Amino acid sequence: MDDRRTPSDDQFPPPTDDGRQPSGTPVPPPGDRPPRRSRRGLVIGLLAGVVVLALVGGGASWYVMSRPRAEATAALYTAAWNAGNYAGLDEITTDGGAGDAHTAVAENLGVESTEVTVGEVVEDGDTATAPFTAALSLGNGVEWGYEGELPLERVEGEWKIAFTPAVVHPRLGEGQTLARVNAWGERGRILAADGTRLDTEDASGSIQMLTGTVGTVTAEDLSVLGPAYAEGDPTGKGGVQQAQEERLAGTPTTRIQVVDEGEEATAEADESAVVGSIEGSPGQDVTLSIDPAVQQAASNAIISQDKPTALVAIRPSTGEILAAANVPGGFNRAVEGQYPAGSTFKIVSYDALLRSGMTTGDPMNCPKTADVGGWPFKNAGDAEYGAQSMTEAFATSCNTALVQEVADRLDADSLVSTAESYGFNSDLDIGVPSLSPSFPAPDSTTLLAAMSIGQGQMLTSPLHMATVPAAVADGSWRSPVLVTDPALPDRPEPTPIDNAEALRPMMRAVVTEGTAKDVGFAGEVYGKSGTAEYGTAEEGEDLPAHGWFVGYEGDVAFAVLVEDGNSGSGAAAPLAKRFLDGI
């Protein structure tokens with residue numbers, strides 16, 4: 001036995017008189033037992049983290065030649081195996097072929113990570129053996145472990161792995177590899193807040209836009225879904241079905257088989273070919289915050305609309321989405337639509353003025369037009385109200401009174417900061433794709449004034465605008481939530497709205513004596529109408545406009561949008577009344 005040593009050989013204990021390493025963990029026979037570790041394996045694992053650099057740098061031969069110990073070669077091989085660096089394995093084998101064999105198994109099984117731990121290496125002259133345990137993560141929640149053995153030979157003073165396919169797995173022979181076949185269990189359900197099932201074939205189009213559907217896996221899906229799937233398997237398409245695929249699908253029952261190279265595993269294969277079987281688990285249910293009664297009221301309120309319309313309802317005390325309805329179907333404008341907010345944004349703007357030191361009784365002036373930075377602002381219908389209090393200017397939605405105060409008292413930072421306290425410039429992570437509302441900093445006083453009345457460079461959605469009156473009702477802005485079980489991680493903490501108490505009577509005045517006084521709301525309803533201009537106008541005509549109405553009653557807040565509705569109080573507010581009357 002070659003007894004040459006280098007200074008670093010002290011990492012390894014000296015051989016005993018019979019030429020073997022000191023006793024350690026017993027060498028188990030190969031088989032399909034669960035992975036286990038040994039102290040010796042941990043030591044070699046630490047060595048592996050260092051020596052793998054030699055392989056990456058192309059210096060494997062130099063390293064092994066300078067350390068003629070079998071342990072070093074075993075550590076080098078397993079370190080590269082763990083790192084997925086299969087291309088360099090052939091350099092430290094006697095006959096090559098290791099790189100291709102490992103690559104084929106990794107691709108066939110969908111190996112995401114590998115942890116191979118080597119036990120005690122036993123040398124016998126110019127041969128040695130090193131037992132190992134392998135723990136493989138195969139994606140989609142499938143974990144598999146087995147044991148094997150690395151045979152080594154010393155060739156011209158250099159230890160190498162005597163590679164055969166059995167090094168990868170002890171049941172492999174020449175021309176063979178491993179492959180997997182999967183079987184999925186029962187899929188989880190999508191439930192409403194009261195436990196009723198939402199993912200049914202007869203669900204409304206609005207609900208299906210939230211839940212998504214279950215379709216079949218295509219070839220294009222496989223690169224995203226992973227190796228547990230095959231073409232034709234069920235998978236979620238859109239909405240919660242896709243976003244919660246891992247939970248709803250569960251984990252497949254997986255059988256790993258020995259197959260000839262180029263062949264695939266099959267469910268009908270002989271049991272003698274099976275080297276591993278991992279029992280799967282059925283899918284788990286996902287619960288949404290949707291209240292079926294509120295959802296039905298929302299759908300009934302807008303079902304007869306000829307123009308594209310959306311209605312969203314939220315529980316202010318929790319931020320839970322109670323309903324999201326769309327007419328027509330095909331696009332979830334309630335959640336993903338992007339629109340200027342129009343005068344519904346004045347809730348935010350008046351909050352900013354209150355932060356600047358104004359009070360709800362302070363006098364304001366509502367002329368027919370107001371010039372800000374050279375741009376003439378006017379009111380709907382060319383109205384002018386003269387002297388008003390802040391509450392009266394809010395209730396009548398006077399543009400000219402507001403833009404004058406904004407130009408005098410606010411700047412870009414103060415308005416942006418207030419908008420952000422209502423969720424602008426943040427992601428609304430509700431569990432399905434949704435618009436992230438934006439409010440960029442205006443770069444001029446004119447644009448500042450325009451954005452204060454919900455025009456200019458700002459975008460929101462009905463979902464987001466429902467959170468604005470909800471924040472006033474509750475006293476805190478809460479990021480909306482749709483998926484309640486499992487709870488979504490990292491939900492933002494509520495943001496206090498310090499002026500909520502002052503804003504509530506202003507919103508009540510809209511209903512009792514302002515723009516919505518003729519709608520006929522019953523009960524104690526708080527609201528704000530809005531008309532949001534968009535596009536370009538024909539010569540001599542006004543810009544086209546969407547109609548908004550947002551508000552709350554009790555612990556239900558809502559936002560109604562009618563595309564091209566022209567008037568918030570005329571087109572959207574009556575739908576809000578119909579909705580509230582229905583719950």
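This structure is a prediction, so every number in the text was calculated from the model and none was measured. Worth knowing before you read on, the calculation uses all heavy atoms, side chains too, and leaves out hydrogens, waters and symmetry mates. FYI, the numbering just counts along the sequence from 1.
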Dump the intermediate steps for side-chain contact (heavy atoms from CB on, under 4.5 Å) on L353 and R409, then the final yes or no. CA-CA 7 Å; L353 290 177; R409 296 175 179 270; 4.1 Å; yes
State whether E245 and R187 are salt-bridged, where the test is any N-O pair (Lys NZ or Arg NE/NH1/NH2 against Asp/Glu carboxylate O) under 4.0 Å. yes
If we ignore angles and hydrogens, is there a donor and acceptor under 3.5 Å between the side chains of Q296 and N300? yes
Angle between ring planes, F345 versus F424, binned at 30° and 60°: parallel, tilted or perpendicular? perpendicular
Nearest 0.5 Å, what's the CG-CD1 distance between D199 and I207? 10.5 Å
Taking the six-membered ring for Trp, are H546 and Y339 parallel (under 30°), tilted (30 to 60°) or perpendicular (over 60°)? perpendicular
Can a side-chain donor-acceptor contact be found between E420 and Y422 if the only test is distance below 3.5 angstrom? no
Looking at D485 and R247, does any basic side-chain N land under 4.0 Å from a carboxylate oxygen? yes
For M390 and L354, work out which heavy atoms get closest and say how close. SD-CD2, 3.8 Å
Does any donor atom in the side chain of R508 or T391 lie under 3.5 Å from an acceptor atom in the other side chain? no
Donor + acceptor pair across side chains of N379, Y385 (<3.5 Å): no
Derivation and outcome, side-chain contact (heavy atoms from CB on, under 4.5 Å), residues V550 and V468: CA-CA 8 Å; V550 305; V468 174; 5.9 Å; no
Worked verdict on L198 versus L191 for side-chain contact (heavy atoms from CB on, under 4.5 Å): CA-CA 5 Å; L198 292 174; L191 306 177; over 6 Å; no
Determine, for F394 and K528, whether the Lys NZ or Arg CZ falls below 6.0 Å from the six-membered ring centre while staying within 45 degrees of the axis. yes
Are a donor atom and an acceptor atom from the side chains of T515 and S569 found within less than 3.5 Å of each other? no
For the residue pair K346 and S349, confirm or rule out a side-chain donor-acceptor distance under 3.5 Å. no
Taking NZ, NE, NH1 and NH2 as the nitrogens, is one of them in E563 or R333 under 4.0 Å from a carboxylate oxygen of the other? yes
Consider only side-chain N and O atoms of T254 and N182, and report whether a donor and an acceptor are under 3.5 Å apart. yes
Verify whether one side chain among D555 and S317 offers a donor that lies under 3.5 Å from an acceptor in the other. yes
Please set out all donor-acceptor pairs under 3.5 angstrom arising from side-chain atoms of residues 426-433, sequence neighbours excluded.
residue, atom, partner, partner atom, Å
S426, OG, G423, O, 2.5
D427, OD1, S436, OG, 2.8

To check you understand the geometry: which heavy-atom pair defines the closest contact between V372 and A407, and what is its length? CG1-CB, 4.0 Å
D194 CG: over 12 foreign heavy atoms closer than 6.0 Å: yes
Does the side chain of Q338 come under 3.5 Å of the side chain of T460 through a donor N or O and an acceptor N or O? no
Does the side chain of W477 come under 3.5 Å of the side chain of S421 through a donor N or O and an acceptor N or O? no
Under 3.5 Å: donor-acceptor pair, side chain of S281, backbone of G250: no
Partner set under side-chain contact (heavy atoms from CB on, under 4.5 Å) for V327, not counting sequence neighbours: I302, Q305
Quick one: does any side-chain atom of S438 pair with a main-chain N or O of N425 as donor and acceptor, under 3.5 Å? no
Please test E231 against T218 for side-chain contact (heavy atoms from CB on, under 4.5 Å), starting from the C-alpha separation and ending with a verdict. CA-CA 5 Å; E231 288 188 54; T218 65; 5.8 Å; no
